There are 2 protein chains.
Amino acid sequence: MKTPPRLRLRLQKATFPHTTVPEGTRRRILEVGLQLFASRGFHDTSVRDLAKELELQPSALYAHFPSKDHVLAELVRIGHEALHAALRTALLSAGSHPADQVRALVRAHTHLHATYPQMAVVVNEELYALAPELAAPALALRDQSSALLLEVIARGEEQGVFAPPHSVVTAVAIAAMGLRIPYWFEPSDALDINALADLHAELALRMLGGRTTT
Amino acid sequence: MKTPPRLRLRLQKATFPHTTVPEGTRRRILEVGLQLFASRGFHDTSVRDLAKELELQPSALYAHFPSKDHVLAELVRIGHEALHAALRTALLSAGSHPADQVRALVRAHTHLHATYPQMAVVVNEELYALAPELAAPALALRDQSSALLLEVIARGEEQGVFAPPHSVVTAVAIAAMGLRIPYWFEPSDALDINALADLHAELALRMLGGRTTT
DNA sequence: GTCTATATGTTGATAGAC
DNA sequence: GTCTATCAACATATAGAC
């Protein structure tokens, strides 16, 4: 926190996907960590910065986390688990038609990235700051999550309802839409989260060449 | 550079878009800066790290740049200028049909991000580390670059050859494909840069609903 | 579980010789 | 334009009292 207030993301109160995060100081640390890591980055946020925002002394944090890295690791874990859970739930409540399933996955992906922009940014930009053993669980979940989309696309191609120019490149492009959301989207009357989710689902289906409705 | 080798981007020799970067030590500093900032991030790369890789003493850098920030600022400037120049050139050599123009813009965007992945990463992820006055020129160029795509899309809609579900959201989605390239793409025989450019252009046109050929 | 105080290393940057 | 030597500020983390 040497350089003036160029922020990666607007500095605002950060919220979690509702996972099992205990109340109390530990949770407050995670919330403040999410806020600061998202807006200035992990390496540009010091333990003193966290403590100041929490109105605690720096040493007090170490009663709750063994190190600054572990605060980030916990955030990264929560974020990946929330996304994976959301995608699985979406798939389960979708119909059996591949277009419905893509719509469900993309809508869930969009919803999460638009609702928890700080979590999305920290999970995606600061994962590399973790030692391999702290990052590993998140990376495993990430692979499982992308597999969900790839499988639905493959099934759609087999059934002849999708005809993307290249299934992997198209899957990456669909995911990319979601990953960019925190950097430009601000919910408004003209374009709220639900409308954005619909738009992204529509764009995904256009890329897949699957305009089919059930 | 405290934490073990989790790298954001593979550590490899970094090259520039051919802009006017003078030979000599100043250029070497920029090349090494690009390499290290891309792989570990600006805040996790110390002046000592740069000096070590350059086989110089840390103090020697200050004969070429007034501060570490100015190294990043110069990289960010070069990157933005290169992209803007590439997009303008692409537009000029494209035909007058909006579909041709989108194809040209997307192909150029893809080419640059695939050819200079480190530059793309640094420009997009580390811009926020700069003080406003150092970041301003780049931000201005960025606005001009996105305007190019938005204008072509608007013209296509007026002519009735494009019918995207939402022009701004679609433009952002098209740009997002390009921004993700450095994080997954590795040129291969099965998928080289040209093929990727073609695929991205095709996906962009599908999103725009403009399959027209000239 | 929070505090005060501090250990220990690293940071960006400068002074001044050659 | 590079070196040696160094500064002041900052980093993460710990020790021990309450």
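Basis for what follows: all heavy atoms, side chains included, without hydrogens, waters or symmetry-related copies. Values in this document were obtained by computation on a predicted structure and should not be read as measured data. All chains are named by letter (A, B, ...) in the order of the sequence lines, taking the proteins before the strands, and each is independently numbered beginning at 1.
Around atom CZ of B:R88, no more than 12 heavy atoms belonging to other residues, nucleotides or ligands sit under 6.0 Å away.
Regarding B:L50, its CG atom lies at a distance of 17 Å from the P atom of C:dT10, rounded to whole Å. Between A:R40 atom CZ and D:dC10 atom C1' there is a gap of 14 Å when expressed in whole angstrom units. In this entry the distance linking CZ of B:F65 with C1' of C:dG12 reads 16 Å, nearest Å. The interatomic distance linking B:H64 (NE2) with C:dT14 (C1') rounds to 16 Å, in whole Å. We find that NZ of A:K68 is positioned 15 Å from P of D:dT14, with the value rounded to whole Å. What separates CG of A:D69 from P of D:dA11 is a distance of 15 Å, to the nearest Å. With rounding to whole Å, A:R27 atom CZ is found 20 Å from C:dG1 atom C1'. Spacing between atom CG of B:D49 and atom C1' of D:dA11 amounts to 15 Å, rounded to whole angstrom units.
Geometric assessment of A:R6 against the ring of B:Y128 yields a negative cation-pi assignment under the 6.0 Å and 45° thresholds. Judged by the 6.0 Å and 45° rule, B:K68 forms a cation-pi pair with B:F42.
Near DNA chain C, defined here as any heavy-atom distance below 4.0 Å, the residues from residues 53-62 of chain B are B:S59, B:Y62, listed numerically.
You'll find the ring centres of A:H80 and A:H84 outside the 6.0 Å limit.
Applying the 4.0 Å criterion to OP1 and OP2 of D:dA11, one finds that A:H43 has every side-chain N and O outside that range. At D:dA11, one or more side-chain N or O atoms of A:S46 fall inside 4.0 Å of OP1 or OP2 (strictly under the cut-off).
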*asked:* For B:L30 and B:I78: C-alpha separation, side-chain torsions, deciding distance, then whether side chain to side chain contact (heavy atoms under 4.5 Å, CB included) applies.
replied: CA-CA 10 Å; B:L30 289 172; B:I78 291 171; 4.2 Å; yes

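With contacts defined as side-chain heavy-atom distances shorter than 4.5 Å, the pair A:F162/A:T170 does not qualify. Contact annotation: the side chain of B:L61 approaches that of B:I29 to within less than 4.5 Å [non-hydrogen atoms, C-beta and beyond].
Taking every side-chain heavy atom of A:T25 into account, C:dT2 is the closest of C:dT11, C:dT2, D:dG1.
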